[in-house]
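See below for the structure under consideration.
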Amino acid sequence: MSATVTTTKSTSTPGKGNGPASRMSLGKVLLIVAGALVALSVLRAFVDAAQQADFDRVTSSGQIAAALSMAVPIGLAGLGGLWSERAGVVNIGLEGMMILGTFFGAWAGYQTNPWVGVLAGVLGGAVGGLVHAVATVTFGVDHIISGVAMNILALGATTYLAKRWFEPLGDIGGSPKNSPQVDPIQTFTVPGLSDWLADLENHHWFLVSDVAGILGGLVTDISALTVVSILLVVGSFFALWRTSFGLRLRSCGENPTAAESLGVNVYLYKYAAVVISGALAGLGGVFLALVRSHIYNEGQTGGRGYIGLAAMLFGNWRPGGLAMGAGLFGYSDALQLRNGGATVHALLILVALGLAALAAWRIVRKSYVAGAVSGAAAVALLLWYALTDTVPNDLVSATPYIVTLLVMGLASQRLRMPKANNRPYRKGQGT
């Protein structure tokens with residue numbers, strides 16, 4: 001097949017005319033992050049010592065390391081959704097495929113070694129993807145209905161199997177709701193660099209210690225599975241956007257009829273994409289079971305499959321944006337683990353300044369209503385910060401879900417999904 005079969009030239013935004021969808025470049029992202037760090041450092045200089053400690057935690061190496069470990073399963077689930085939807089199949093069943101990954105990863109891991117558990121969890125998720133592919137591609141079941149059924153089926157199956165397989169293992173820590181302990185997967189620390197960055201962070205220097213804290217969290221006690229996950233994001237970009245295989249797969253999600261007319265086996269590519277999607281979601285489940293907790297626990301996915309879908313939407317169906325979305329959700333998810341109330345309280349003023357800047361930009365662009373809304377939100381956050389000392393823990397626990405709703409609401413206006421996504425396709429319909 002010629003490379004000219006790509007069908008992704010059009011970048012129209014549904015409901016917003018035919019203009020190209022805006023795309024955040026890496027340079028803009030780094031500029032925004034640098035501006036936020038400078039603003040954080042300036043703000044810290046004007047608060048008392050107790051509040052300075054709260055500001056320090058925003059960029060501490062511990063907070064960043066926790067955010068990274070929380071971002072990985074979300075990112076893997078989102079990456080699974082990206083593979084599936086780029087081929088035109090919506091995969092709401094990511095949560096169920098993650099559950100299969102947690103269960104089979106822990107089941108094989110405690111009996112042998114954690115890397116065999118990784119393989120078993122990936123295979124468990126891939127089987128879930130295969131079931132979803134059979135239902136949607138071969139039998140034409142509605143993608144949403146099949147995905148919801150997948151989630152219910154995975155939850156029911158693992159609950160039943162946990163009772164049969166783990167309950168008799170009470171003498172080594174098993175129960176109907178959890179597996180025995182699994183040996184940890186290797187972690188890595190960059191020698192020398194990690195200690196040097198920790199020293200810089202402890203000096204609490206203007207801006208320098210913030211940068212050192214962020215970098216320190218990225219090079220200290222990093223799981224081998226985290227490294228594998230980062231490589232998978234990069235590899236997915238090259239596979240989908242730099243190879244003929246990826247070109248054909250994406251053509252199935254844009255215009256399967258045209259792809260078939262050019263000799264592409266649409267069913268085969270859809271099957272491959274959805275099975276890979278399930279395997280990636282299963283790996284996300286394995287990460288939760290073998291890296292985060294070293295054990296299978298009933299309900300430990302906690303809706304991260306759905307948050308992964310939100311990260312995929314945030315990234316506009318591209319790996320780079322998806323990684324940024326996973327990082328955002330992972331950071332908010334990690335807040336509840338590390339004195340979240342005080343840290344979220346410190347973030348209120350930073351977010352308020354960002355909204356004030358956005359309001360000014362909107363007004364300059366003559367978008368007065370959006371500018372007024374952003375300005376009102378900035379004032380409300382400033383009042384909240386000034387009138388309180390912390391944020392209630394219940395609200396901190398809900399932070400990942402609140403961020404998910406806000407991102408979905410704000411990003412929905414510029415999304416551009418694959419054109420044939422969730423549309424029924426039957427072989428030979430274009431002939």
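Only this structure's heavy atoms are used, side chains among them; waters, hydrogens and symmetry mates stay out.
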Side-chain ([X]) to main-chain ([Y]) donor-acceptor, under 3.5 angstrom:
X: S229; Y: P73; result: no
X: K270; Y: V137; result: no
X: S146; Y: D142; result: no
X: N151; Y: I92; result: yes

Nearest 0.5 Å, what's the [atom1]-[atom2] distance between [X] and [Y]?
X: S209; Y: D56; atom1: OG; atom2: CG; value: 8.0 Å
X: F237; Y: R242; atom1: CZ; atom2: CZ; value: 4.0 Å
X: L123; Y: L283; atom1: CG; atom2: CG; value: 11.0 Å
X: T257; Y: L262; atom1: OG1; atom2: CG; value: 11.0 Å
X: T136; Y: M150; atom1: OG1; atom2: CE; value: 11.5 Å
X: N202; Y: L197; atom1: CG; atom2: CG; value: 11.0 Å

List the atom pairs, with distances to 0.1 Å, where a side-chain N or O of residues 347-357 and a protein N or O form a donor-acceptor pair under 3.5 Å, not counting sequence neighbours.
none

Minimal heavy-atom distance between A77 and G305, with the atoms involved, is CB-CA, 4.1 Å
Closest heavy-atom pair, L155 versus T159, reported as atoms and distance to 0.1 Å, is O-OG1, 2.7 Å
Hey, are the side chains of [X] and [Y] touching, using non-hydrogen atoms and a 4.5 Å cut-off?
X: D210; Y: F55; result: no
X: L288; Y: M98; result: yes
X: L130; Y: V274; result: no
X: T301; Y: E95; result: yes
X: V118; Y: W115; result: yes
X: E85; Y: M417; result: no
X: R44; Y: Q52; result: yes
X: R423; Y: H143; result: no

For [X] and [Y], test the side chains for any donor-to-acceptor distance below 3.5 angstrom and give the result as yes or no.
X: E201; Y: S60; answer: no
X: T138; Y: Y271; answer: yes
X: W83; Y: S236; answer: yes

Determine which pairs satisfy salt bridge (charged side-chain N to carboxylate O under 4.0 Å, His left out) with at least one residue from residues 150-177, sequence neighbours left out, and list them in order.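 Found K177-E298.
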- Establish, yes or no, whether a centroid distance under 6.0 Å links the rings of Y296 and F104. no
Problem - Full working for ring pair (Phe, Tyr, Trp, His ring centres under 6.0 Å) between W165 and Y110 - result: CA-CA 12 Å; W165 293 356; Y110 90 86; 9.8 Å; no
Sorted by chain and number, sequence neighbours left out, side-chain hydrogen bond (donor to acceptor under 3.5 Å, both in side chains) with S84 holds for none
What do you reckon, is [atom1] of [X] surrounded by more than 12 foreign heavy atoms closer than 6.0 Å?
X: F245; atom1: CZ; answer: yes
X: N113; atom1: CG; answer: yes
X: W196; atom1: CH2; answer: no

Check your understanding: Is R250 close enough and on-axis enough to W317, meaning under 6.0 Å and within 45°, for cation-pi?
Key -> no
Tell me whether E254 is salt-bridged to R416, with the criterion being a basic N under 4.0 Å from an acidic carboxylate O. yes
**Study point:** Worked check of side-chain hydrogen bond (donor to acceptor under 3.5 Å, both in side chains) between S194 and T220
**Key:** CA-CA 6 Å; S194 177; T220 306; 2.6 Å; yes
| task | Run the numbers on F103 and F166 for ring pair (Phe, Tyr, Trp, His ring centres under 6.0 Å), then give the verdict. | result | CA-CA 10 Å; F103 180 86; F166 295 151; 5.2 Å; yes
